[in-house]
Amino acid sequence: FLYFIVQNTEKMVKKEECEWSGFAIHPGHGRKYVPFAFISTKPVLTFFKNKCFMQYKRKKNPRFVAWTRTFRRLHKKHSDDATKKRRSRKVSKAPRAIVGAD
């Protein structure tokens with residue numbers, strides 16, 4: 001029998017994040033925008049979909065739009081499945097005898 005070591009040749013796909021909504025953008029998706037009217041710290045802005053781009057152009061704040069990740073993070077609406085809080089053990093005291101007392 002021949003045994004082969006199977007290596008994971010599949011590379012991790014680099015996902016970008018939407019500038020406005022915070023959603024993950026997979027390669028080949030989304031929209032890129034280069035602002036030319038002002039000097040930006042980021043030369044190319046990426047958006048999840050046209051809806052996000054139009055909200056950005058209207059200068060809407062993503063913190064006040066309910067479907068964005070920014071809003072959900074601020075209002076603690078994220079799923080607890082990814083980050084489960086660990087339960088701490090309750091300390092039980094063992095009864096001890098008092099030395100010298102009969």
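Contact record, Pro27 with Lys14: CG-O, 3.8 Å, taken as the closest heavy-atom pair. Between Leu45 and Tyr56, the shortest heavy-atom contact is CD1-OH, 3.2 Å. Annotation for Ser21 and Cys52: closest pair OG-SG, 3.6 Å, computed over non-hydrogen atoms. Here the closest non-hydrogen pair linking Val34 and Pro43 is CG1-O, 3.5 Å.
Sorted by first and then second residue, the side chain to side chain donor-acceptor pair (under 3.5 Å) pairs involving residues 46-55 (not counting sequence neighbours) are Arg31-Asn50. Sorted by first and then second residue, the pairs that involve residues 59-69 and meet side chain to side chain donor-acceptor pair (under 3.5 Å), not counting sequence neighbours, are Asn61-Arg63.
For the atom pair CD1 (Ile25) and NZ (Lys15), the distance works out to 11.5 Å, reported to the nearest 0.5 Å. Note that CZ of Phe48 and NE2 of His26 are 8.0 Å apart. Values are rounded to the nearest 0.5 Å.
Linking Ile, Leu, Val, Met, Phe, Trp and Tyr whenever their side-chain heavy atoms come within less than 4.5 Å leaves Met54 and Val44 in two separate clusters.
Residues passing the ring pair (Phe, Tyr, Trp, His ring centres under 6.0 Å) test with Phe71, sequence neighbours excluded: His75.
In this structure the side chain of Glu19 never reaches within 4.5 angstrom of the side chain of Tyr33, judged on heavy atoms.
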